[in-house]
Amino acid sequence: MEKTGIIKKMRTELPETGKEALYYLPLDEQEIDLNDFIGHNIRITFRHEIHCIHCGRLIKKTYAQGYCYPCFISLPETDVCILRPELCQAHLGISRDMAWSKEHCLQDHFVYLALTSGLKVGVTRKTQVSTRWIDQGADQAIRIAKTPNRHLAGEIEVILKKYMNDKTNWRQMLKGSNPGNHNLVAEMEKALALLPESYRQYFFEEDQITHIRYPVLSWPEKIKTVSLDKQDRIEARLTGIKGQYLLFEDGEVLNIRKHGGYVITLSTL
Ligand SMILES: [Zn+2]
């Protein structure tokens with residue numbers, strides 16, 4: 001097989017809790033089922049061409065993992081509230097694009113706890129939960145609050161960030177599934193106890209933990225990041241996928257999301 005196209009972040013699916021995550025690589029109009037390639041030698045060749053993943057224009061470098069500069073400074077999907085939900089102002093009628101915000105910010109959101117490289121708190125839109133957890137390489141996750149918009153979920157996250165991480169140590173995350181000895185149901189109870197009374201109406205006290213397995217044959221001991229800016233060809237045995245990273249036999253890892261907009265040729269050898 002050999003296919004060429006513009007890469008976007010991998011689409012993921014979790015068939016059900018406890019099952020292995022499924023990964024699909026969008027390459028132009030096609031989608032490649034990457035789980036099939038694990039254990040096989042593959043080659044990724046960068047075509048020295050990058051296009052904005054929104055407007056398609058040819059660019060030299062990307063902003064916010066795939067956008068051209070004009071799109072980066074004007075689109076709602078690259079606005080500050082994406083990384084910092086507490087700054088979302090859509091509930092006040094303020095947004096770069098209210099139609100977009102109605103679909104994305106003024107919808108039910110969840111605050112969750114996840115075990116990635118350790119215990120972390122995060123926020124995601126209701127329909128995106130398992131996608132978000134897989135993108136972050138979470139081994140387990142639980143929803144702890146449900147809010148009618150993004151801003152409120154962000155406020156809850158800000159309070160909990162004082163007590164726990166909101167970032168993932170991705171190197172640690174790629175070394176296996178060893179997020180320490182946390183019981184997520186107990187952590188949920190602790191977290192909810194930290195929130196002011198006014199947030200009680202949003203508590204989501206369901207004790208269902210989602211477990212996620214990743215299609216990984218062997219975990220790397222040493223991790224070496226590969227960037228298509230520095231090396232236009234990767235040729236190695238694909239040993240697994242976790243988060244948005246492809247793992248190769250020699251410990252090389254490629255962050256697919258970071259290369260959104262790059263034109264590549266993917267070949268099986
Ligand atoms: Zn653009």
Side-chain angles (χ1 to χ4, degrees), residues 2-13 23-34 44-107 109 122-128 131-132 134-137 149-151 153-154 167-168 170 225-234 241 243-246 253-267:
E2 186 162 281
K3 287 194 168 134
T4 298
I6 299 172
I7 339 177
K8 284 193 184 153
K9 76 176 265 237
M10 293 182 279
R11 188 174 71 76
T12 59
E13 277 174 25
Y23 281 93
Y24 304 92
L25 180 70
L27 263 188
D28 289 349
E29 302 308 312
Q30 342 154 46
E31 243 188 13
I32 297 167
D33 185 344
L34 282 183
I44 292 172
T45 314
F46 175 38
R47 296 281 158 208
H48 296 279
E49 199 180 314
I50 307 173
H51 293 268
C52 171
I53 56 174
H54 181 78
C55 72
R57 85 172 74 200
L58 191 63
I59 47 178
K60 288 222 161 60
K61 63 169 281 195
T62 61
Y63 295 84
Q65 303 175 323
Y67 296 92
C68 68
Y69 189 69
C71 284
F72 171 63
I73 57 168
S74 60
L75 288 176
E77 48 268 63
T78 52
D79 206 349
V80 65
C81 86
I82 299 307
L83 292 176
R84 299 188 55 194
E86 75 275 15
L87 299 181
C88 184
Q89 293 186 296
H91 62 296
L92 304 173
I94 304 169
S95 159
R96 284 179 174 181
D97 178 346
M98 264 325 282
W100 186 92
S101 290
K102 273 194 182 125
E103 294 298 311
H104 295 85
C105 304
L106 302 181
Q107 296 288 334
H109 275 64
V123 161
T124 187
R125 191 151 35 93
K126 187 180 169 187
T127 51
Q128 292 290 101
T131 298
R132 184 87 181 123
I134 296 170
D135 282 356
Q136 294 180 334
N149 62 52
R150 185 163 178 81
H151 172 75
K167 301 268 180 325
T168 299
W170 61 270
T225 320
V226 193
S227 155
L228 294 176
D229 295 319
K230 293 186 184 140
Q231 168 183 344
D232 56 12
R233 191 163 147 150
I234 300 162
I241 314 174
Q244 278 285 328
Y245 289 87
L246 300 186
V253 301
L254 178 71
N255 182 345
I256 290 291
R257 184 160 206 185
K258 226 176 158 175
H259 291 88
Y262 285 54
V263 180
I264 62 150
T265 299
L266 175 70
S267 331

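Counting starts at 1 for both ligands and their atoms, in listed order. The chain is numbered in sequence order, starting from 1.
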Atoms of the protein (N/O/S only) found under 2.8 Å from the Zn ion (ligand 1):
C52 SG, C55 SG, C68 SG, C71 SG

Please check: side-chain N/O of H109 versus main-chain N/O of Q107, any donor-acceptor pairing under 3.5 Å?
yes

Between the side chains of Q244 and N255, does any donor sit under 3.5 Å from an acceptor?
no

S95 and C105, any side-chain heavy atoms less than 4.5 Å apart
no

Count the heavy atoms of every other residue, nucleotide or ligand shown that sit under 6.0 Å from NZ of K8, and state whether that count exceeds 12.
no

Spell out, as yes or no, whether a donor-acceptor pair under 3.5 Å connects the side chain of H151 to the backbone of E86.
yes

Measuring from L27:CG to L266:CG, what's the distance to the nearest 0.5 Å?
6.5 Å

